[in-house]
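Report on one structure; see the data block that follows.
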Number of protein chains: 2
Amino acid sequence: MESQPTSLHDDLLGQLRDYIVEGDLAPGARIPERELCEKFDVSRTPLREALKVLAAEGLIELLANRGARVRQFSESDIRNLFEVIAGLDFVAGRLACERISDEGIAQIECIHLEMYTHYMRRELNDYFRLNQQIHQAIVDAAANPVLSANYASANAVIRRLRYAANLNSDRLGDAMREHEAILDALRRRAGEELGLKMFDHMQKKREAVCKYLREQSSASASAPNLQPAD
Amino acid sequence: MESQPTSLHDDLLGQLRDYIVEGDLAPGARIPERELCEKFDVSRTPLREALKVLAAEGLIELLANRGARVRQFSESDIRNLFEVIAGLDFVAGRLACERISDEGIAQIECIHLEMYTHYMRRELNDYFRLNQQIHQAIVDAAANPVLSANYASANAVIRRLRYAANLNSDRLGDAMREHEAILDALRRRAGEELGLKMFDHMQKKREAVCKYLREQSSASASAPNLQPAD
DNA sequence: GCCCTGAAATTTGCATTCAATCGAGGTTGA
DNA sequence: TCAACCTCGATTGAATGCAAATTTCAGGGC
């Protein structure tokens, strides 16, 4: 929803966001300002401005007088996020049906076919990359920058989790079938139907992810990404 | 979605947000830092941190080296925002049906009745205040802090517009009927139906608001809130 | 051996200071 | 007269400095 002048602040903000989303840091880890300052070669003032923004986005948390930590997500945090994303997917689906061009549909079908190939070959990295592309393409087809921004922001938090490659293959098969139904509705430009299908798709994904995270957290005492339930 | 320690930064942020949302400033007006500093009695450092956050929320815009301006909204900005809000309403409705208590439903019915009284008496301020309360109550009933936060953020931008009291009474009558249907679905805990009703309700509100803003902007050469279309 | 107390050292929060950019007004030349 | 240019004040962007809070760690008591 923004303007052109790519200020130094925006650059730093983007770099920092990537750095956090990239996921090398342990959740809950302290992030000393000093360290980031030399890492990104800026003084504390612009860095702190960027940290405040990231905290508002929910990627980190700022404890008063105790600095920035990578945010820890409880299972309910993740459920909440997926619910919001599902709502955005619902609008995206409805609006995309009204606004997408025939070429746009064709492109998404291409991505879907490619994704299917990777699914058959069990090439999970590519599978998830293209999965992300399809959802992004539908959201973008809604031609609503505010929607895209909200979607991206919620997704950034989710992406940090790196659960994707560990979903079981039952879920992947179901997901492929759901995607085909989604594409079918998109082809027919059945907005309400598509919105509902995308919503349900995301709700199911939510369940699968939460189930996976729960299993993992009970398996390993110190779960890599999930905080003990609150 | 946040923690307890109410730091000075959060206070300032809240005050500033209220100050912008309150709407005394003309859209597009410059906001010199110095002025805000003495108004809120802080130095520029924490003020600038808060401004960055507000800019990320979309309430103001920061032009490089030219400071903060109250954001101007084009008609499409407003349409976009309402679409996102509609999506959030859709989730809220569905989840509220699953999670709201019987007492919660009773409370909302009370608000609705009170609102109906104000509608009959054409007491618009109270009408809109209670309207806001009902939507907020349903969103809160979804018991999803992330959802509530996103909803509040999008709403803050809309609330700045102060269009509400100017909608014509046809629309208000329709809105009351829609609200009754919404309450009916909530009573029956018909989640999918409620979600769709709330979504459509918000879409219709969007059309009414955009129509009003368009008329106003063609009536007065310098529209108070709307930027000439892009 | 463990826990509590307290002081030093780090780290954060904010104020102040310095540098760079923008904008206004005036000057000069066509 | 008008337009382009230039200079100077004002405002923003970023760096540094200082005080307060916190964390760490050493010593003493149990």
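Side chains included, hydrogens not; waters and symmetry mates left out as well; all remaining heavy atoms used. Chain identifiers are assigned alphabetically (A, B, ...) following the order of the sequence lines, protein sequences preceding nucleic acid strands; residue numbering begins at 1 within each chain.
- For A/Glu98, there are no salt bridge (charged side-chain N to carboxylate O under 4.0 Å, His left out) partners two or more places apart in sequence or in a different chain.
- Chain B approaches DNA chain C within less than 4.0 angstrom (heavy atoms of the protein), and the contacting nucleotides run 5' to 3' from C/dC14 to C/dG23.
- With sequence neighbours excluded, no residue forms a side chain to side chain contact (heavy atoms under 4.5 Å, CB included) with A/Cys110.
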Dump the pairs, protein N or O against N or O of nucleotides 12-14 of chain D, anything under 3.5 Å, distances to one decimal.
unit_1, atom_1, unit_2, atom_2, d
D/dT12, OP1, B/Glu33, N, 3.4
D/dG13, OP2, B/Arg48, NH1, 2.3
D/dG13, N7, B/Arg44, NH2, 2.9
D/dG13, O6, B/Arg44, NH1, 3.3

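- Remark: A/Gln132 pairs with A/Gln136, A/Asn155 by the side chain to side chain contact (heavy atoms under 4.5 Å, CB included) rule, at least two apart or across chains.
- Evaluation of the side chain to side chain donor-acceptor pair (under 3.5 Å) rule for A/Lys211 yields A/Glu215 as partners, not counting sequence neighbours.
- By the side chain to side chain donor-acceptor pair (under 3.5 Å) test, A/Gln133 is found to be paired with no residue, residues two or more places apart in sequence or in another chain being considered.
- Under the rule for a side chain to side chain contact (heavy atoms under 4.5 Å, CB included), A/Asn65 has no partner lying at least two apart in sequence or in another chain.
- Residues satisfying the side chain to side chain contact (heavy atoms under 4.5 Å, CB included) test with A/Asp200, not counting sequence neighbours, are B/Arg94.
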